[in-house]
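Reading through the structure tokens given below for one structure.
Computation of the quantities below employed the complete heavy-atom set of this structure, encompassing side-chain atoms and omitting hydrogens, waters and symmetry-equivalent molecules. The shown structure was predicted, so the numbers you read here are calculated from the model rather than taken from an experiment.
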2 protein chains.
Amino acid sequence: MASGKLAGGAGGPFRSCANGICGLLDGGPPLPRLRSMERGERLDTGTGLKLWTVLGGIVALCTSLADGRRQIVGLSTPGNLFCPPDETERLDFWIEALAPSQLCELDLSSHARTIAGNATLASELFRAAQGQARSIYAHLVTLGRLDGMERVCLFLADMAWRIGERTPEGCRVRLPMAREDIADYLGLNAETVSRIFSRVKKARLADFRSPTEYVVQDIAALQSRAPIPAPHRPAGLEFEEREVALS
Amino acid sequence: MASGKLAGGAGGPFRSCANGICGLLDGGPPLPRLRSMERGERLDTGTGLKLWTVLGGIVALCTSLADGRRQIVGLSTPGNLFCPPDETERLDFWIEALAPSQLCELDLSSHARTIAGNATLASELFRAAQGQARSIYAHLVTLGRLDGMERVCLFLADMAWRIGERTPEGCRVRLPMAREDIADYLGLNAETVSRIFSRVKKARLADFRSPTEYVVQDIAALQSRAPIPAPHRPAGLEFEEREVALS
DNA sequence: CTGGGTTGTTGATCCACCTCAATGCCGGGG
DNA sequence: CCCCGGCATTGAGGTGGATCAACAACCCAG
């Protein structure tokens with residue numbers, strides 16, 4: 001009999017990651033591995049089931065096409081947990097730091113039997129994957145049906161929720177990624193992103209203090225420029241804070 | 001002690017769906033519910049965890065935006081298993097038949113405790129969700145980075161793998177959905193889809209015998225028009241055929 | 001067979017975004 | 001200090017796909 005939290009809690013993401021999931025594994029090797037990544041550094045996801053938590057910075061899950069076009073399929077900011085597709089059916093995925101980042105890797109590939117034998121762990125993983133699917137769907141609709149202005153407003157609002165800090169003059173965001181990266185996430189190109197930023201500023205939806213910093217007075221107004229809402233909670237695979245009783 | 005198959009097998013998808021998953025539930029009510037849907041008919045996904053298998057026809061998982069734009073986020077053809085996002089965070093999803101279809105619904109919402117207590121079932125669900133995520137990622141890259149011609153070629157090749165029948169003159173496909181539906185799946189509009197079909201025919205990549213039927217000589221050539229491959233296996237949440245020992 | 005509704009095709013036009021190119025800005029190193 | 005490389009911004013011009021509209025093909029009912 002044991003008990004643990006799967007996320008959040010006093011220890012922060014790393015502690016909870018280690019305490020929560022690892023507590024569910026029966027006596028394997030000490031699993032969590034801490035990594036630091038420079039901007040632009042890539043990490044191969046390899047084979048087998050792995051989970052990552054972002055401790056600091058911002059990382060992207062990326063793919064590229066045969067001709068070099070890149071698409072970022074997901075962003076993770078501190079507190080997010082994510083899990084790349086384990087089998088890459090000729091689409092190769094990698095993890096890339098868009099700014100200096102720290103993350104924690106949990107390699108579960110040698111614990112397939114543990115997972116198959118631990119219902120609590122397996123159903124938590126299932127719940128988490130369901131949550132992740134939800135945010136991919138939202139991104140998919142964004143790419144399929146929204147125009148540039150709508151995509152950018154949604155993105156700026158999303159980043160404000162994720163990493164903005166409240167100040168007396170509004171929500172201040174230090175943008176930790178380049179225009180190129182934003183473009184590859186939104187299915188646009190860097191020049192278009194830059195142009196739309198100028199339009200956003202002119203429309204007073206966000207105030208750009210520098211290329212890497214903006215202040216939003218009214219996040220709701222910003223995201224209502226798009227006909228679907230941005231998630232108020234950070235997107236990505238994430239465990240909710242709740243107790244789970246283990247058997 | 002019991003044993004079952006989670007998909008495929010002699011009984012076809014319905015039997016396996018009933019035999020497999022239901023066999024994993026401890027004595028609840030007989031769960032699988034058979035539904036017939038007319039073209040255009042919608043089915044609300046409701047709340048709670050539900051799984052569907054398609055027995056015949058073709059169904060789509062759809063969303064729409066505040067201004068009416070529709071996006072089809074996934075297609076399911078016979079043999080596919082799918083699972084809509086359970087919580088619709090202000091994005092409303094529904095299931096829509098694009099042609100007369102039959103499907104089988106498994107309502108697991110009252111079996112949360114069973115899932116949390118049955119490691120085999122929970123880890124199968126997790127594996128299935130992982131597989132579903134993989135196909136959403138592929139679709140996301142399609143919408144983010146491919147042009148119209150590439151999207152359409154990938155789609156035609158995908159449909160050939162899913163529902164084509166081999167004939168001496170090539171792979172013959174009866175297209176069970178309207179141009180509008182294809183457009184909403186590919187993030188285009190109906191006129192553009194029609195125009196691109198004409199280009200595909202002119203390029204002899206596929207031979208349209210009628211608006212709803214085409215023959216492909218070389219599926220590989222078709223999908224190689226796009227820089228990423230179409231999945232050879234039908235996309236969507238799908239259980240592989242394999243035995244699972246239950247405890 | 002005929003008429004009406006639905007769906008598919010094709011054309012003309014427009015516009016959002018891409019591409020290419022020039023310039024500006026900033027930080028680091030000699 | 002200047003120079004240089006990387007990134008952001010802005011402009012000019014081209015294009016793929018959307019929009020609007022006309023028409024053709026087909027299905028079904030009467």
- line: Among C/dG8, C/dG11, C/dC17, the one nearest any side-chain atom of B/Arg195 is C/dG11
- request: Verify the contact: side-chain N or O of A/Thr192 to OP1 or OP2 of C/dC17, cut-off strictly under 4.0 Å; return yes or no.
  value: no
statement: Separation of D/dG17 atom C1' from B/Ile196 atom CD1, nearest Å, is 8 Å
query: Strictly under 6.0 Å, is that where the ring centroids of A/Tyr137 and B/Phe93 end up?
result: yes
- prompt: Where the side chain of B/Ser194 is concerned, which of D/dA18, D/dA8, C/dG8 is the nearest nucleotide?
  reply: C/dG8
pair B/Tyr185-B/Arg151: side-chain heavy atoms closer than 4.5 Å: no
query: With the threshold set at 4.0 Å, does a side-chain nitrogen-carboxylate oxygen contact exist between B/Asp44 and B/Arg42?
result: no
task: Give the ring-plane orientation class for A/Trp52 versus A/Phe82, where under 30° counts as parallel, over 60° as perpendicular and anything between as tilted.
output: parallel
- prompt: Any side-chain N or O of A/Ser198 under 4.0 Å from OP1/OP2 of D/dT9?
  reply: no
Integer-rounded Å distance: C/dC18 P and A/Asp184 CG: 11 Å
- request: Could you tell me whether the side chain of A/Glu191 has a donor or acceptor atom within less than 3.5 Å of a complementary atom in the base of C/dC17?
  value: no
query: Hey, is CZ on B/Arg69 packed in by over 12 heavy atoms from elsewhere, all under 6.0 Å?
result: yes
field: Integer-rounded Å distance: D/dC7 P and A/Met177 CE
entry: 13 Å
query: Could you state the CZ-C1' distance from B/Arg39 to D/dC28, rounded to the nearest angstrom?
result: 15 Å
- request: Round to a whole Å and report the spacing from CZ of A/Arg145 to C1' of D/dT19.
  value: 14 Å
query: If you check every side-chain atom of A/Arg179, which of D/dA8, D/dG17, C/dC17 has the closest atom?
result: D/dA8
Nearest to side-chain heavy atoms of A/Asp147, which nucleotide of D/dG17, C/dC17, C/dC18: C/dC17
message: If the cut-off is 4.0 Å, is A/Asn189 near the phosphate of C/dC17, judged by side-chain N/O to OP1 or OP2?
response: no
message: Whole angstroms only, please: what is the CG-C1' distance between A/Leu143 and C/dC17?
response: 15 Å
Spacing between B/Glu150 atom CD and D/dG16 atom C1', to the nearest angstrom: 12 Å
Closest-nucleotide 5' rank along DNA chain D - winner of B/Gly187 and A/Pro211: A/Pro211
- request: Calculate the interatomic distance between B/Phe208 atom CZ and D/dA25 atom C1'; express it in whole Å.
  value: 16 Å
